[in-house]
Amino acid sequence: MSTKTLPYSMKDVQYDNAKFRRRSFFQVILQTFFTKKVKRECMSCSTGKFLAILMICGLTYIMLNHTTPIHSITNHVSNGGIGVKRFWRKPPQLPPRLSPDEVNNINKTNMGSESTARQESVKNAFIHAWSGYKSYAMGYDELMPLSKRGVDGLGGLGATVVDALDTAMIMKLDDVVSEAGSWIENHLPERISNKGQVNLFETTIRIVGGLLSSYHLSSLNFTKAGPKPSVYLENAKNLADRLLTGFTASPTAVPFSDVVLHDRTAHAAPDGLSSTSEATTLQLELNYLSFVTGDPKYGFEAMKVLEHVKNLPKSEGLVPIYISPSSGEFSGSNIRLGSRGDSYYEYLIKVWLLQRQSNWTYLHDMYVEAVKGIKHLLVKKSKPNGLVFVGELPDGLDGGFSPKMDHLVCFLPGTLALGATKGLTKTMAMENNLLTFEDLENLKLAEELAKTCFVMYAVTSTGLAPEIANFNSEGYSENGLDGGNKTSEYVHDIVIKDLDRHNLLRPETVESLFILYRITEDSKYREWGWSIFEAFEKYTKVDSGGYSSLDDVTVIPPRRRDKMETFFLGETLKYLYLLFSDSNVIPLTEFVFNTEAHPIPIITKDQKE
Ligand code: DMJ
């Protein structure tokens, strides 16, 4: 970073600084006349007095007849007056003038140091979260930060260790990498062989995804700490070998949701159904595993699901949230982009991006059709202030619209932006004529939805979003309370129901802010992300270590919930950290983030051959 001394501070550039204000000729004469000894001498004789009066009259004449250039007339009309006022009050002028490039550099330097400080704060938050987990819950899936113990809610594979590891690598926290890495080396193999039932989706996105990303980042020398990269790959492979039973035991291409690790069996969930998002959110991880191991079986099983879904009937590209592994058909007609539906749409575009040269263009087509369907059927505006939101069709096309939006839907702005520019900045994509009209429209929608997601935070008393928001909109007014922040202009647009007021430290909004910042380079996304981070710090940090979920974001102080989800370290803090990093750290043109924020490197044609 350049340390060049600057001629004056940014304050001087941005504001009217008296030190640099240019004085007019008239002001100089008057000042000289009234301050020097000329004044005394001239005024002591009547000729002097006469000459002084003459001079004042002359100057006044010049002043009143002064021709104002056209451009200043417009300026002054808009400022409420021309002529005399202009003489007395010149606009501030700054010597020496900086070229636009130099001003840009100053801006970058200042923003750069602010971002570095903010990144440091996010890194400290990660250290605080990890140290709580390490002290009270090492080896358990999750930390219960209030009761200071661990809990196995995800099958007992030490999910926080694996989910957090690549974040520690990106943050260059070698101590954490060593601790997590040696736990994986020493304990994970035995857990994989002996543990019981796990959820196929959660285990794939958090554990397989985390191991693969750690494998790649440590191979790239992101860190020298921890075991050799092959340890991560071996564990990913052993685990995936068992998880494959979820696919192979099913009578159709749709996998069972649950796998028993120790005896390599699999079965459907108690209601016999799989979530659509779960069955269709395994392909980034398993394709990449096939690529690095050279064994096609993982990707083959996973892609069978998407090829099958391609041929199922849909509603303008939208799909019901349940699918049956026994019949292979969708079940029910509930359509939403929140829980159980979300990452179906995310992986259509991301799996295509992972391996663009493949014959997976059908995924891109399905994505394009789905986005059209979303815009046509689910996007509406709130009242009174026109926030753009994504609602639901609980009874499909034939039923009514529900103005309910899960926080989970806030992945969509980021995905839409990524789908539009394919990870390039908007400027670069435009310069190279790469954006269609539809891409631009989708990017605009992405920006509007990101604002809505941020407002879901800003309308509450704590500055943290509820799990679910309902939007007042044409024909739909909801019963419930507002978010509590009466100073927000949007407080009447959003209603939050009693059971929806909790916050689980979820990542989706900061994920979208990160992607939108990278793509649009608009600094407002950094500001929004920072205010969300500050609210997490204020209301969820637990002194003894870790961060807690909240029961109700609309009251102060909010009641805490005794749970720190693994994705707070795997996703939320990673995205916040990357929001303030240079865009060459995990560039969006070289990596796709799996749905748990584990970066997977894009496979290029040369690598494939
Ligand atoms: C994560 O496990 C993943 O992002 C998933 O796709 C959705 N939910 C959580 C985070 O909220």
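All heavy atoms count here, side chains included; hydrogens, waters and symmetry mates do not. Order of appearance sets the numbers: ligands from 1, and atoms from 1 within every ligand.
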What's the shortest distance from atom 10 (C) of ligand 1 to any protein heavy atom, and which residue and atom give it?
-> Glu508 OE2, 3.1 Å
From atom 7 (C) of ligand 1, work out which of Leu154, Asp406, Leu408 has a heavy atom at the shortest distance.
-> Leu408
Would you say ligand 1 has an N or O under 3.5 Å from any N or O of Ser343?
-> no
Answer yes or no: does an N/O atom from Glu202 fall short of 3.5 Å to an N/O atom of ligand 1?
-> no
Taking 4.0 angstrom as the limit, do Asp342 and Arg336 come out as a salt bridge?
-> no
Mind checking whether Glu346 has an N or O less than 3.5 Å away from an N or O of ligand 1?
-> no
Arg206 contact mode with ligand 1 (heavy-atom cut-off under 4.0 Å) | side chain
Which of these, Tyr133, Phe533, Tyr575, Phe536, sits in a ring pair (Phe, Tyr, Trp, His ring centres under 6.0 Å) with Phe568?
-> Phe536
Take Glu301 and Lys304 through the test salt bridge (Lys or Arg N to Asp or Glu O under 4.0 Å) and record every step on the way to the result.
-> CA-CA 5 Å; Glu301 290 297 338; Lys304 274 203 312 205; 3.3 Å; yes
Per-atom filter on ligand 1: closer than 4.0 angstrom to a heavy atom of Glu596 are 1 (C), 2 (O), 3 (C)
List the atom of Cys453, the atom of Met405, and the distance in Å for their closest heavy-atom pair.
-> SG-CE, 3.8 Å
Pair Lys134 + Glu179, salt bridge at N-O below 4.0 Å = yes
So, does Glu571 sit close enough to ligand 1 that a heavy atom of it is under 4.0 Å from the ligand?
-> yes
Nearest neighbour in protein (non-hydrogen) for atom 5 (C) of ligand 1 | Thr595 OG1, 3.8 Å
Considering only heavy atoms of Pro507, which atoms of ligand 1 have at least one such atom less than 4.0 Å away?
-> 10 (C), 11 (O)
Between Tyr457 and His407, ring centroids under 6.0 Å | yes
In a check of ring pair (Phe, Tyr, Trp, His ring centres under 6.0 Å) between His216 and each of Phe291, Phe591, Tyr232, which one passes?
-> Phe591
